[in-house]
Amino acid sequence: MSEYGTELLKRQLNDLAKNPIDLVSVGLVDESNVYEWEILIMGPDGTLYEGGFFKARLVFPPDFPNMPPTMTFTSEMWHPNVYEDGKVCISILHPPGEDEFNAQESADERWRPILGVEQILVSVISMLSDPNDESPANLDAAVMWRNDRAAFKKKVRQVVRKSQEEC
């Protein structure tokens, strides 16, 4: 754990406490470990996830900010860009540089050390509003999103209800 990474995370946590992002609450899982955050995201208005309360963990690597954190929903989530285990798959959380196996994604869309937690959270809220089915993490959710929107909406409504019961 770098001293710089630790100080940067403390500062970003304090900044988010003073100037919170709409629909998001952040805190530490354990006050003695600034490298693991608890996140609560409220489903954005006007989206299928509206009214939901989705818990997640943001875990930062020892070499943060050079490498991105991982974000995993601990609440059930049905979304093309979220693996079945809850891990979020969006460009901003991918390691820096070009990916020879993913020509759709430029280095500019991937993690860069100048980015911070706020940009990650805004990207996740955007992901909930606008799923990317071109590069899915959950193939079943992506196929349902594309081919059977009514079934997708019904499944998301069930996930939203479950999230409300768990909070």
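Worth saying up front: this structure is predicted, and the values here are computed from it rather than measured.
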Exercise for the section: Say whether Val24 and Leu9 are linked into one hydrophobic cluster, either directly or through other cluster members, by side-chain heavy-atom distances under 4.5 angstrom. Expected result: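 Same cluster.
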
Handout entry: Cationic N near anionic O, under 4.0 Å, Glu38 to Lys55
Key =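 Lys55 and Glu38: not salt-bridged.
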
Practice task
Answer yes if Val26 and Leu40 sit in the same cluster of Ile, Leu, Val, Met, Phe, Trp and Tyr residues linked by side chain heavy atoms under 4.5 Å apart, and no otherwise.
Solution key: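 Per the 4.5 Å side-chain linkage, Val26 and Leu40 are co-clustered.
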
Problem - Reported CZ-to-CG distance for the pair Arg11 and Asp15, which is rounded to 0.5 angstrom - result: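 One finds 7.5 Å between CZ of Arg11 and CG of Asp15.
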
Practice task
Flag the pair Ile21 / Glu118 as yes when at least one side-chain heavy-atom distance between them is below 4.5 Å, and no otherwise.
Solution key: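 Ile21 reaches Glu118 side chain to side chain.
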
Problem - Non-hydrogen atoms of Trp145 and Pro80 that approach each other most closely - result: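 Result for this residue pair: CB-CG, 4.1 Å.
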
Fill in the blank from the handout: Tested for side chain to side chain contact (heavy atoms under 4.5 Å, CB included) against Met77, the lone hit among Thr72, Leu128, Asp85 is Leu128

Practice task
Return the orientation label for the Phe73 and Phe54 ring planes: parallel under 30°, perpendicular over 60°, tilted otherwise.
Solution key: perpendicular

Problem - Atom pair CG (Leu13) and NZ (Lys18), whose distance is rounded to the nearest 0.5 Å - result: 11.0 Å

Practice task
Evaluate the criterion side chain to side chain contact (heavy atoms under 4.5 Å, CB included) for residue pair Val82 and Lys87; output intermediate values, then yes/no.
Solution key: CA-CA 6 Å; Val82 178; Lys87 187 176 177 189; over 6 Å; no

Practice task
To the nearest 0.5 angstrom, please state how far the CE atom of Met67 sits from the CZ atom of Phe60.
Solution key: 14.0 Å

Practice task
State yes or no: do Leu16 and Tyr35 share one hydrophobic cluster built from I, L, V, M, F, W and Y residues joined by side-chain heavy-atom distances below 4.5 Å, directly or via other members?
Solution key: yes

Practice task
Could you check if a side-chain atom of Ile125 sits within less than 4.5 angstrom of a side-chain atom of Met42, using non-hydrogen atoms only?
Solution key: no

Practice task
Please check if atom CG in Asp22 has more than 12 non-hydrogen atoms from other residues, nucleotides or ligands closer than 6.0 Å.
Solution key: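 12 or below, so no.
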
Practice task
Verify, without hydrogens or angle tests, whether Tyr4 (side chain) and Pro65 (backbone) share a donor-acceptor contact under 3.5 angstrom.
Solution key: no

Completion exercise
Taking every heavy atom of Asp133 against every heavy atom of Ala142, the minimum-distance pair comes out as CB-CB, 4.3 Å

Practice task
Report yes or no: does Glu165 contribute a side-chain atom to a donor-acceptor pair with the main-chain N or O of Lys162 at less than 3.5 Å?
Solution key: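 Answer holds: no.
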
Practice task
Report yes or no: does Glu50 contribute a side-chain atom to a donor-acceptor pair with the main-chain N or O of Gly46 at less than 3.5 Å?
Solution key: yes

Problem - Aromatic centroids of Tyr49 and His79 separated by under 6.0 Å - result: yes

Problem - Rounded distance (nearest 0.5 Å) linking atom CD1 of Ile120 with atom CH2 of Trp37 - result: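 The CD1 atom of Ile120 sits 8.5 Å away from the CH2 atom of Trp37.
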
Problem - Side-chain (Ser123) to main-chain (Gln119) donor-acceptor, under 3.5 angstrom - result: yes

Practice task
Specify the closest pair of heavy atoms between Leu93 and Pro68, including all atoms of both residues, with the distance to one decimal.
Solution key: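 Residues Leu93 and Pro68, closest heavy atoms: O-CG, 3.3 Å.
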
Fill in the blank from the handout: Heavy-atom nearest pair, Glu76 first then Val159, reads O-CG1, 3.1 Å

Exercise for the section: Evaluate the criterion side chain to side chain contact (heavy atoms under 4.5 Å, CB included) for residue pair Asp140 and Lys155; output intermediate values, then yes/no. Expected result: CA-CA 12 Å; Asp140 292 337; Lys155 176 85 170 168; over 6 Å; no

Handout entry: Leu48 versus Val156, closest heavy-atom pair with distance
Key = O-CG1, 3.4 Å

Completion exercise
For Val34 and Thr6 the tightest heavy-atom approach is CG1-CG2, 3.9 Å

Exercise for the section: Measure the shortest side-chain to side-chain distance between Pro44 and Leu23 over non-hydrogen atoms and say whether it is less than 4.5 angstrom. Expected result: yes

Exercise for the section: Mark yes or no for whether Asn81, through its side chain, and Pro136, through its backbone, hold a donor-acceptor pair below 3.5 Å. Expected result: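 A pair under 3.5 Å: no.
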
Exercise for the section: Show your reasoning for whether side chain to side chain contact (heavy atoms under 4.5 Å, CB included) applies to Arg157 and Val160. Expected result: CA-CA 5 Å; Arg157 274 196 304 272; Val160 167; 5.6 Å; no

Problem - Side-chain touch Ile90/Met71, heavy atoms, less than 4.5 angstrom - result: no

Fill in the blank from the handout: Rounded to the nearest 0.5 angstrom, the NZ-CG distance for Lys153 and Asp148 is 10.5 Å

Problem - Main-chain N/O of Ala141 paired to Asn138 side chain as donor or acceptor, under 3.5 Å - result: yes

Exercise for the section: Could you tell me whether Glu36 atom CD has more than 12 heavy atoms of other residues or ligands within 6.0 Å of it? Expected result: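 Buried by this count: over 12 neighbours within 6.0 Å.
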
Handout entry: Euclidean distance, Asp130 CG relative to Thr47 OG1, rounded to 0.5 Å
Key =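 Thr47 OG1 to Asp130 CG: 11.0 Å, rounded to 0.5 Å.
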
Handout entry: Gln164 side-chain N/O to Phe53 backbone N/O, donor-acceptor pair under 3.5 Å
Key =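 Absent.
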
